[in-house]
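The next block holds one structure in the form of structure tokens; read it before the comments.
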Amino acid sequence: GDTLWPGCDPCASNSAGLGTRTGPTDELDAEFVPLTPVERVAWRSADDRVAIWPTGAITTGAGTAAVMYARYLVEGPLQYTALGWGIATAGVGQPAAMRALDLAGLPYGHPLRVGRRVYAFGCERQVWIAFACDVARAPVATMTDAGAWRYWSGKAWSSDPSGAAPVLSGPSGGLSVAWNKRLGAFLAVYNVGLTNRVVMRTAPSPIGPWSDPTTVFTGLDTPPGAFDYAAMEQHDLARDGGRVLTVTYFHPLGALAGEIRRVELTLP
């Protein structure tokens, strides 16, 4: 996401790190998904810029991955307009990803690989803090081809993104969707907006139907006016056939301060 610091010049729009199952160990010394020269020129201040926010990644081969990202025009604190989304490719030994696809419209991300396909969720505000997510899919082999993407209309897959219909309500920030062997279902994990609650829902397919949300834990107390957010399951860290899960979330500590918290959940 945003990797900002007052007075930084040049600022990095986003960053990444390397680590093991126990956590991050090394920060990559580069802007992970680089801004284009035009986007860089548009950077006037931390709250007046084009921002690239990575939203997740899938493996595409031995030592390679595809990183999805959202593009936003940021005009002030919590004031941003979606510009589109894209895909960057990354490989072992590369300090930065290489942008391979840029599309306008609702930002799709939070990717989920199912066999030879990748699914992506595009979440947008409906009213106030009520959000809902559409879903799109493409073959992994051609996911950087704009024409390969299909969007669920509620009845069928279509090449027209304007006809997409919401399939999952609730996520307003971070979101993860992954197959859970223990449950025999797809599992979605996210924060409830403007609360510290983390919920999960299940479905037989990425297009649903999704179960009602179940609160699995409440994050740590936060400073007044702040909330825990960006909760998601780290599926690669699941153990015991999906019975033991690892969920992370961002916990604000104060002005320009916060930390990533890690929670272990054990399913019945």
Side-chain angles (χ1 to χ4, degrees), residues 1 14 16 32-34 36 51-72 82-92 94 96-124 131-171 173-180 185-190 201-210 232-236:
N14 57 83
F32 186 56
V33 180
T36 67
I52 300 294
W53 295 345
T55 56
I58 63 165
T59 56
T60 54
T64 61
V67 182
M68 300 195 73
Y69 59 85
R71 296 176 64 246
Y72 286 96
L83 297 176
W85 59 287
I87 298 172
T89 59
V92 172
Q94 298 176 357
M98 179 178 296
R99 288 167 68 161
L101 175 67
D102 275 297
L103 292 174
L106 174 67
Y108 282 84
H110 318 293
L112 158 70
R113 179 167 180 169
V114 182
R116 296 182 179 180
R117 286 198 179 106
V118 57
Y119 292 78
F121 295 82
C123 306
E124 65 179 334
F131 285 72
C133 305
D134 302 343
V135 66
R137 75 180 189 187
V140 172
T142 55
M143 63 184 297
T144 57
D145 177 359
W149 285 90
R150 297 294 182 267
Y151 306 84
W152 181 248
S153 70
K155 297 181 179 180
W157 294 100
S158 167
S159 60
D160 181 10
S162 67
V167 299
L168 176 63
S169 62
L175 166 68
S176 64
V177 180
W179 174 255
N180 184 280
F186 288 95
L187 177 68
V189 177
Y190 59 90
R201 301 170 72 171
T202 59
S205 165
I207 62 174
W210 289 93
M232 61 188 71
E233 182 203 354
Q234 303 298 333
H235 180 65
D236 290 339

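Predicted, not measured: the structure shown is a model, and the values here were computed from it.
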Taking every heavy atom of A88 against every heavy atom of A97, the minimum-distance pair comes out as CB-CB, 3.7 Å
Check step by step if side chain to side chain contact (heavy atoms under 4.5 Å, CB included) holds for L112 and H235.
-> CA-CA 10 Å; L112 158 70; H235 180 65; over 6 Å; no
Do you know which two heavy atoms are closest between A165 and S153, and how far apart they sit?
-> CB-O, 3.3 Å
Value for CZ (R201) from CZ (F186), rounded to nearest 0.5 Å, stands at 15.5 Å
If we only count heavy atoms from C-beta on, is the T64 to T59 side-chain gap below 4.5 Å?
-> no
Report yes if the side chains of V189 and M232 come closer than 4.5 Å at any heavy-atom pair, otherwise no.
-> no
Write out all pairs satisfying side-chain hydrogen bond (donor to acceptor under 3.5 Å, both in side chains) with one or both partners inside residues 138-147, taking only residues at least two apart or from two chains.
-> none
Residue from Y119, Y190, W210 passing side chain to side chain contact (heavy atoms under 4.5 Å, CB included) with V177 = W210
Atom pair CG/OG1 of D102 and T36 - distance to nearest 0.5 Å = 8.0 Å
Residues in side-chain hydrogen bond (donor to acceptor under 3.5 Å, both in side chains) with R113, at least two apart?
-> none
Find the distance between CD1 (I87) and OH (Y69) and round it off to the nearest 0.5 Å.
-> 8.0 Å
Rounded to the nearest 0.5 Å, how far apart are CZ of R150 and OG of S159?
-> 5.0 Å
For the residue pair R116 and P139, establish whether any side-chain heavy-atom pair is separated by less than 4.5 Å.
-> no
Donor-acceptor pair between S162 and D160 side chains, under 3.5 angstrom = yes
Working to the nearest 0.5 Å, report the span between OG1 of T55 and CG of L175.
-> 9.5 Å
How about C123 and P107: do any of their side-chain heavy atoms sit closer than 4.5 Å?
-> no
Just wondering, more than 12 heavy atoms not from R117 lying within 6.0 Å of its CZ?
-> no
R99 and I52, any side-chain heavy atoms less than 4.5 Å apart = yes
Relative to the ring of W85, is the ring of W149 parallel (under 30°), tilted (30 to 60°) or perpendicular (over 60°)?
-> perpendicular
Where is the tightest heavy-atom contact between T60 and A65, given as atom of each residue plus distance?
-> OG1-N, 3.5 Å
Rounded distance (nearest 0.5 Å) linking atom CG of L187 with atom CG of N180 | 5.5 Å
Residues in ring pair (Phe, Tyr, Trp, His ring centres under 6.0 Å) contact with Y151, at least two apart in sequence or another chain | Y108
Non-hydrogen atoms of V167 and P206 that approach each other most closely = CG2-O, 4.1 Å
State, yes or no, whether a side-chain contact exists between D134 and L106 at a heavy-atom distance under 4.5 Å.
-> yes
